[in-house]
Every structure is written in structure tokens, then in C-alpha cells.
Amino acid sequence: MKLEDIKSIIGSKFAGNIVVFSNVGEITIDVNKDILIDFCKFLRDDIKLKLKALIDLSGVDYLDYGKSYWETIDSTKEGFSRAHKSDLNYSLYMKKRFCVSYHLLSYVFNFRVRLRVFVDLDDMSLPSVVGLWPTADWHEREAYDLFGFIFLGHPNLIRILTDYGFEGHPLRKDFPLTGEYEIRYDENKGKIIREASFIKRVINTPKVIRRDFRYR
Amino acid sequence: MNNIDHYKMNFGPQHPAAHGVMRLVLDLDGEVIKKVDAHAGLLHRSIEKICENNLYTQNVGYMDRLDYVSMMANEHSYVLAVEKLLGIVPPIRALYIRTMFDEITRILNHLLWLGAHALDIGAMAVFLYAFREREDLMDCYEATTGGRLHVAYYRPGGVYRDLPDSMPKYKGENFSEKRLKTLNYNRDGSLLDFISDFVSRFPKLVDEYETLLTDNRIWKQRTVGIGVVSPDRAVALGFTGPMLRGSGVEWDLRKKQPYAVYDRLDFRIPVGVNGDCYDRYLVRVAELREANKIIKQCVDWLYKNPGPVMLEDSKISPPLRMDMKTSMESLIHHFKYFSEGFMVPEGEVYAAIEQPKGEFGIYIVSDGSNKPYRVKMRAPSYVHLSAIDELSRGHLIADLVTVIGTLDIVLGDVDR
């Protein structure tokens, strides 16, 4: 299935709200969350597409996208302290802070499509696709757990991977790698207590961006 | 007492039949299961977050720790994704080695599954048989990479070293001379000799497992008609791999979207009919035989065709140690490769392979830096476990163990 074929099948039905492009041979469709359910239903049931399987659903947080650590101010035993530099003002891949990617697969026509829905921090809600693909149940719970997306219409949107009583959404870029809380046994109190983590983050290998287009 | 119609029962987190740390909260009506609430995440290590803070090459080792019984298959998916973004293709010999080790991994995984599944249901002997063969294959891992489980063997651009010319041998005073001779009888030659000896023995060994199980009346009573999934339902639930093929959907990424050298090899895809635990058992046992065939073809090819196993591009593979002694440029490349890594062009990629358990996919978002911006693993076990409620509803508690076994879950994969 080629990019042009997909474009011609989608045609003008959802015109204006949809961007279709391809990168390294993979087709990506950006879609507005207002028409997500209608569009997914179309992809699943259209006789030329038959994307019957939702293979994967994942969230992405674009907060640090395209930012590299560039300036070394000092170097101590805790590693390098580096400032952020953003050399990316606009990218095809980043439109708002958060994105949910759906990976769909058609067993009949043997092709894959990636569907992306962008949302912002002030409104993290988007419609749930559990009604269309039952497998989305746990995927959406995971995306809620790790990023905090609110999937409207999900039957049981509770945390799944993190601990009972966990706070925060660990895969957001502003969540520290070392975590926010530590749990330890306090001998004086005779019970397990939770306190703020004091571990400092050490960056040994700074993130570097160099666009030399060597491999393209 | 008459008011109680449902019992709640905890299954796990420390239950041997749960295959790891998994907690199930069961709603029971007598012994009949009304609802299963699976609590995953007790093994959650947030590998995805860790991967975001590592260089591309450093992440290969973490892939082993996801599904820790099909190690190399996980790595394969990751390196495929990176290679796809970089736009590079490894040398052909590396592809054959990858294919061979993927299939060895498949046998390793299916043997563990077969042994554990049979043990759960009550057949002890199969476990011992299965581990006897696993030991041989683990030795192949060890001879090639130095590790038995977490091998970190694949690299973007190939595999990190060629197959060894000799096999390690048993030695020591604990064994008698006669015993040593039997233990070492197939270890005189190279690794390929050892594998080809294994390949010639293995079909008979599969027959051994099958005599114990396939027509066994107790085995059939415990598996036939348990956890039936219709083909349409299997697709809707996102099943892949043997779980999908057991329901009669002919879908295998090795055939449909070939990667490595699967399009050059001759093998078949076993498919079930009824979609119950017994059919999935048959599919996996047939896959053991097919994997054996694939390994044989790879070994034959590898005998005849020596060559490089890693791309000779110093930007994405480390230079030779020999060159570093004399060449300044190699020294710089070495330093840059291990301190800064390589930049991967901006873009998104999803690469999937047919892992023993199903489709294992890696979704990488790259912003053009030396660290992946986002790595998401599509774990087959996670998807299969999410269907446990549907599969075991209406069955007895004893059948729940069968269903957990047939899902072939590994909690390192589920919880990531």
C-alpha cells in the first residue's frame, strides 16, 4: 500500500483535518481528536483498508524535543551541568506537547499505518477507541498511567504499571529520572515511610544534536 | 452464609503458576471463575524512561531484560528500528547469523514454555527433557557471546563478533573419563559443527516430547476446549504469534513482512483450527520443527560464506583494535563512538519482528540526537495478558493455570 493509494482512499471525506505523510517507508496520518472515532471507524471498516488490528498505542511527550545540552558551565563529580538549547522551532513531527500514536495493521492487505493525535497539557482528554478495538483497553490504561491522557469513554481507566498509590506520570519529560519519592523502612517509627527523593541526577553523556544528514 | 454468592481470591503475586510476579484477583462462584482482574506492573522498571537517557548502543542490553527467555529476538527488533532510521543494511553474513540466533531463541523460548506449561498442568517429565536441550542451546549462546541469557549480541549495523571456531568443553575431576567423552563428543569442532549436530538430533527429541503429551488423554482433557478464541476475536484482541495462528489466522511476519533473510529460506507456517489451548500447543510444537529447519539452512549457508559481520562504517561501528594502535583517526572514531555515540536522523520508526511470543515492535521517536527521544516497546505478552479475563471466564480455577500457560507470558515483558 503506497502513500498515494491511502491518500486517494481517504479522499475528501475528512479533508482539512488530516495530514498524511511518509517517512522511511512508513505512513503516518495526523488527525484531529474531534474526528478520531469517525476516522478510526472508517479505517477499520473500509473495504480497501481493513485495518482490523490495533497493534500498539503509545504516548509521546514532546517537551524536550530538539533540545540539546550544549554549554558546559562546570564539570564536577556529579557530572556535567549543561544548559538547554533549542535549535528546532518547527518540526513535522512535533505539533503540540503530547501525542498519542496508534499503530494499525491490516492482515488482509498487509500494511501498517501510524495514526497520531496531538493534545496539549491544558486538555489531555481524547476519545477512547476501546469500542473499536478491544485490545486498546490495557494500552490506554498504560498511556494514562505513564502520561496522564484521559481517554473519554474508557470503561476502567486506572493505573496499571506503576505502584499502588503512585503519584505523577513517569514518562513525562518533566518527571525526574530518579523519581520524586523514595520508600524506606523507618526504624524509629517502626513503619514504611515515603519521603522526597534526594538523589541528584548525573548526566554522563550529554545529548547532542548534529544534523549532518550523513545517512540520507 | 446464603448472601455470599461470589468469593474473591488472590492468585499471586508469588504463585509458581503465575510465571513471575503477577497478581490476579479472581471472582469465584464456587470453583467457577466469574471475573479475572489482572494486576500487572509488579516488575515495572520503566525501561522506556531509562532508554530515553541512554545512547542508542547502550540500549541493546536493556532489550534482553524485557522478555528474558527470548533475548536475541528483542534485540533484533531494536537494532532493526535503529537501522531503519539510519538507512543502513548490515552485511549478509550478519543477517544470516541473526536469523539463526532468532530461531535458536525461538526453540529456547518454546522449550521453556513447553516444560513450564506441562509442569503447570501436571506432567513433570517434559520439563526435564526440555531443559536438557535448552542447556545445549545456552552453550551456543555462551560460546558466541560470553553470556547465557543477557547477551547483548546484536548491534546497529550487524552483530558484534563472528561465530567462534571452537566450542568450550567439559573438564574437571568431577567427571570420569568416560563421562567426559560422552559429554564432549560433539564439541571438538566449531560452533557450527555443534549446532548442526544439534539440528540433526532435535527432530527426534521433539518426537519424544510429543509421545509424552500429544495423544496423552490427561493432557487432552486439560487443554482441549479451554480458552477458545475465534479468529475474528483474536484479531480484535490484538493477538499475534502462536496465539493468533492457533485460532486459524495465517499471519507470520517472517513470511508477510520479511526481515533479515527469511525471504530466502524455506519454511512453513503452522496454523491451528479450533483456537483452544491444545491447538496452540500443536502450533508451537510444529514451530519447533520449522525453527529447526531454518537453523539447518542458515548453518549450511554460514559454512560456505565467510565474510564481515559488521558494517565497516566507523561512524556507527567501533574501529578495529588493531587499527587504533597506529591510526589517529581510528582512535578518534573509537572515542567518539563510545563517548558520544552516533546521531540518528530525525523521524519516527516502528520495526516489528516475529518474536517467539508474537509481534515484538519497537517504536522510536528520534529528534536527531545521540539518544532516542522516545522508545516504546510493543510487548506481545502485555497484549495477551490483557485477554486473560475473556479467556478464562466460565472455566474452573485449575483451567486458569492452563490459560496462563498457553498465553506464554513473561512478566519482564508485560511490565517493562
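Note on naming: letters A, B, ... go to the chains in the order of the sequence lines (proteins, then strands), and numbering restarts at 1 for each one.
Between chain B and the options A:His139, A:Arg159, A:Arg141, A:Arg112, the largest number of non-hydrogen pairs under 4.5 Å is found for A:Arg112. The candidate from B:Gly238, B:Ala352, B:Ala236, B:Ala379 with the greatest count of non-hydrogen atom pairs under 4.5 Å with chain A is B:Ala236. Options A:Ile55, A:Val60, A:Leu54 differ in how many heavy-atom pairs under 4.5 Å they form with chain B, and the most are formed by A:Ile55.
With a threshold of 4.5 angstrom between heavy atoms, B:Ser339 approaches chain A through N, CA, C or O but not through any side-chain atom. For B:Glu48, the parts sitting under 4.5 Å from any heavy atom of chain A are the backbone and the side chain alike. Only the side chain of B:Leu55 comes within contact range of chain A, with at least one heavy atom under 4.5 Å from a heavy atom of that chain. Of the two parts of B:Tyr373, the backbone and the side chain both hold a non-hydrogen atom closer than 4.5 Å to a non-hydrogen atom of chain A. Interface residue B:Val235: backbone and side-chain heavy atoms are both found under 4.5 Å from chain A. Both the backbone and the side chain of B:Tyr382 come within less than 4.5 Å of a heavy atom of chain A. Heavy-atom distances place no part of A:Leu132 under 4.5 Å from chain B, backbone and side chain included. With a 4.5 Å cut-off on non-hydrogen atoms, A:Asp56 touches chain B through its backbone and its side chain both. Contacts of A:Tyr164 with chain B are made by side-chain atoms alone, with heavy-atom separations under 4.5 Å and no backbone atom involved. With a 4.5 angstrom heavy-atom cutoff, B:Glu250 does not touch chain A via any of its atoms.
Relative ring orientation between A:Tyr62 and A:Tyr65 is described as perpendicular, the plane-to-plane angle rising above 60° on a 0-90° scale split at 30° and 60°.
Between B:Lys357 and B:Val410 there is a side-chain heavy-atom pair separated by less than 4.5 Å. Contact annotation: the side chain of A:Phe149 approaches that of A:Leu126 to within less than 4.5 Å [non-hydrogen atoms, C-beta and beyond]. At a threshold of 4.5 Å between non-hydrogen side-chain atoms, the residues B:Asp413 and B:Pro380 count as touching. Residues A:Phe98 and A:Arg172 are in side-chain contact: their nearest non-hydrogen atoms beyond the backbone lie under 4.5 Å apart.
Within 6.0 Å of the CZ atom in B:Phe338, the count of heavy atoms belonging to other residues, nucleotides or ligands exceeds 12.
Ring centers of B:Tyr262 and B:Tyr259: under 6.0 Å apart, within the cut-off.
Taking all atoms of both residues into account, the shortest heavy-atom contact from B:Leu407 to B:Leu385 is CD1-CA, 4.2 Å.
Checking A:Asp137 against A:His154 by side-chain atom types alone, a donor-acceptor pair falls below 3.5 Å.
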